[in-house]
Amino acid sequence: QRLAGIYSAGTAQRFVNMEGVMPGKKVMILGSGDIGLIMARRMTFMGAEVKGCVELMPFSAGLKRNIVQCLDDYGIPLLLSHTVVDIAGRERLEGVTVAAVDERGLVTGTGYGAALVTARYGSYSAKCSVTLNAEQVWDPSQALAAPLSSDIVHSKNVLLYAPRRILQGFDILPNGEIYYSQVGSNAYTLNICRAAGPNQNAQDEVMILKHFGHGTQIVAEKASDGKTYIWLNSNASVDDSGEYGNNWSFSRVEFVPGTNEADGYAGDTFFLNKEQQYDQQVAVDFDARRLLVGSRKSGVRHFWIFDLDEVLALPLKEMTVSVTVGGGTGDGEKQTVERKIMGHDLNDCRVLGNFSFSAGTDKEHDVYSYSHQGHEINGDYIYFYEGNAVENSDDPGTYQSKAYVTVFNYNGRIVVPRTEVAAIADVNGLASEGFTQTGYAEGECIKVKEGKLYLGMACRDGSSSNRYANILVYDCVKKQ
């Protein structure tokens, strides 16, 4: 039996336009046809609070101008790939439950709590009670306030394969092995270096990858086949400085010391070309089976979260990528190359969450006011790392370095506010602990493992051209 308060768009239109009767004060519209869109505006005119317009399909059935004039102009949200899964009330409608639904009918939770999900087909229906419990976030903010000391140093002053090139990324396996990435001395290669553990040699076991990219974010995976794989960006283009970046994909490549891959990609390759966003960088939580892709476009940083197993199950399809390579010493003639690659298209995969934010302008308070230095996914949360080694204008050759960490949920809500990494700004501590006498300490890559936050820190000193790779570690606390 239909509760009072549930009307077709046409019936609601007749009540308002012909009889002058308001069907209700709070309105949710199911379906995005033109009549529904127009009624959203009409009900707003009449003083109702229109909560939103819910559409099961991933696109609206209405005209674009009606979406703009009837929803956007009045701040009424359009929820695509959503539907009403339950209603509340005995004789009159008192509330509705809305959930995200993909093309296979899978419902995705959008918040914590309990809900009754109802599935209907014709005269048949079935109900299921679902509870989504909140996972506690690992909060590093209190620990990050500590000055630099030996207590928070995981690995110190490690030289990589190209000693005058800076650390870009790292990851730590459960057995203690550390994998580092750095741009090669010739700028068009990327070095992946292995160390047996903290403070250990990282120059002997190296894999060299050509035209892959900048290596800002890497993931090391010890797979069930006993092999180690490195996830990293791939299919990069050369810029005016001769460096490679702005990549259009990421790849999962077996780590084989002595290998020299020259094609710009290798292994399994994945694409996520959302609205021509580029600079794709991957993070993986193998325990929670989650995969995060960070990308950017026009000063905006974007994040997309997927189910790892669904990503790995994507079929191969031919993808075309166009990149510019060459022009540097030993790198051949500069040219545009079109590659046809059998890869996995994440545009065909269910999205668990996504959000974006623009570059900030207030360096003391705004997220992304400094350069992006890495991101990480841990359970239900995204960790964002930014920073720069800022040269002192009144004392050239010395630096006041800055780095910050911010934690978001899948919808982009900040759950741990932007917190400065005091150790990286601790000029006296950097000197007394033997890192650098100049204060040069640039944040590079971030990892969260078993309640600990690991931050990469690249240092150099005025007395040497060598760049040293360092990793700081912080104990986090559980926060609801």
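Keep in mind that what you see is a predicted model, and the values were worked out from it rather than measured.
Within the 3.5 Å criterion, the main-chain N or O of Arg460 finds a donor-acceptor partner in the side chain of Thr436. For Glu386 (side chain) and Tyr370 (main-chain N/O), a donor-acceptor pair under 3.5 Å exists by modelled atom type. Gln182 places a side-chain N or O within donor-acceptor distance of the main-chain N or O of Ala162, the cut-off being under 3.5 Å.
For residues 298-323, the pairs satisfying ring-ring contact (aromatic ring centres under 6.0 Å, His included) are Phe303-Phe355, Phe303-Phe357, Phe303-His375, with sequence neighbours left out.
Checking Asn273 against Gln280 by side-chain atom types alone, a donor-acceptor pair falls below 3.5 Å. For the residue pair Asn411/Asn409, the side-chain donor-acceptor check at 3.5 Å is not satisfied. Side chains of Ser249 and Asn235: a donor-acceptor N/O pair is present below 3.5 angstrom, by distance only. Looking only at atom types and distance, the side chain of His211 has a donor-acceptor partner in the side chain of Asp331 under 3.5 Å away. Side-chain contact of Asn186 with Thr189: a donor-acceptor pair under 3.5 Å is present, judged by distance alone. Side-chain contact, Ser60 with Ser32: a donor N or O sits under 3.5 Å from an acceptor N or O.
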Open item on the list: Using the rule given for side-chain contact (heavy atoms from CB on, under 4.5 Å), can you reason through Leu190 versus Tyr244, listing the C-alpha separation, both sets of side-chain angles and the distance that settles it, and then say yes or no?
Closed with: CA-CA 9 Å; Leu190 186 67; Tyr244 279 77; over 6 Å; no
Open item on the list: Could you go through Lys274 and Asn347, starting from their C-alpha distance and side-chain angles, then the distance that decides it, and tell me whether this counts as side-chain contact (heavy atoms from CB on, under 4.5 Å)?
Closed with: CA-CA 7 Å; Lys274 297 280 191 183; Asn347 293 285; 3.5 Å; yes
- [ ] Go through Tyr265 and Arg339 one step at a time and tell me if the side-chain contact (heavy atoms from CB on, under 4.5 Å) criterion holds.
- [x] CA-CA 10 Å; Tyr265 70 99; Arg339 299 175 181 145; 4.2 Å; yes
Open item on the list: Please determine whether side-chain contact (heavy atoms from CB on, under 4.5 Å) holds for the pair Asn246 and Asp239, giving the CA-CA distance in whole Å, both sets of side-chain angles, and the decisive distance to 0.1 Å.
Closed with: CA-CA 9 Å; Asn246 297 346; Asp239 62 20; 5.6 Å; no
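For Asp426 against Leu148, the heavy-atom pair with the smallest separation is OD2-N, 3.1 Å. Looking at every heavy atom in both residues, Glu55 comes nearest to Ala61 through OE1-N, 4.5 Å. Of all heavy-atom pairs spanning Cys53 and Ile76, the tightest one is N-CG2, 4.4 Å. Tyr180 approaches Ser155 most closely through the heavy-atom pair OH-OG, 3.6 Å. Across Ala422 and Ala145, no two heavy atoms sit closer than the pair CB-O, 3.5 Å. Of all non-hydrogen atoms in Lys479 and Pro417, the two that sit nearest each other are NZ-CD, 4.5 Å.
The neighbour count for Gln142 CD, taken as heavy atoms of other residues, nucleotides or ligands under 6.0 Å away, does not exceed 12. Heavy-atom contacts from other residues, nucleotides or ligands closer than 6.0 Å to CZ of Arg289 number more than 12. Sparse packing is recorded around CD of Glu450, with 12 or fewer heavy atoms of other residues, nucleotides or ligands lying under 6.0 Å away. Heavy-atom neighbours of Tyr161 OH from other residues, nucleotides or ligands within 6.0 Å: at or below the threshold of 12.
Note: Phe255 and Tyr179 have perpendicular aromatic rings, judged against thresholds of 30 and 60 degrees for the angle between ring planes. Using the six-membered ring where Trp is involved, His154 and Tyr454 have ring planes that are perpendicular, over 60° apart on the 30 and 60° scheme.
Note: Glu261 CD to Ile192 CD1 = 11.5 Å, rounded to the nearest 0.5 Å.
A cation-pi geometry, defined here as NZ or CZ lying under 6.0 Å from the six-membered ring centre and within 45° of its normal, holds between Lys156 and Phe435. A cation-pi geometry, defined here as NZ or CZ lying under 6.0 Å from the six-membered ring centre and within 45° of its normal, holds between Lys478 and Trp138.
Between Asp475 and Lys452 there is a salt bridge, since at least one side-chain N of the basic residue sits less than 4.0 Å from a carboxylate O of the acidic one. Salt-bridge annotation for Glu243 and Arg165: present, with a side-chain N of the basic residue lying under 4.0 Å from a carboxylate O of the acidic one.
Residues passing the ring-ring contact (aromatic ring centres under 6.0 Å, His included) test with Tyr440 are Tyr399, sequence neighbours excluded.
Checked against Arg290 for a side-chain contact (heavy atoms from CB on, under 4.5 Å), the options Asp307, Val284, Leu308, Asp309 give a single hit: Asp307.
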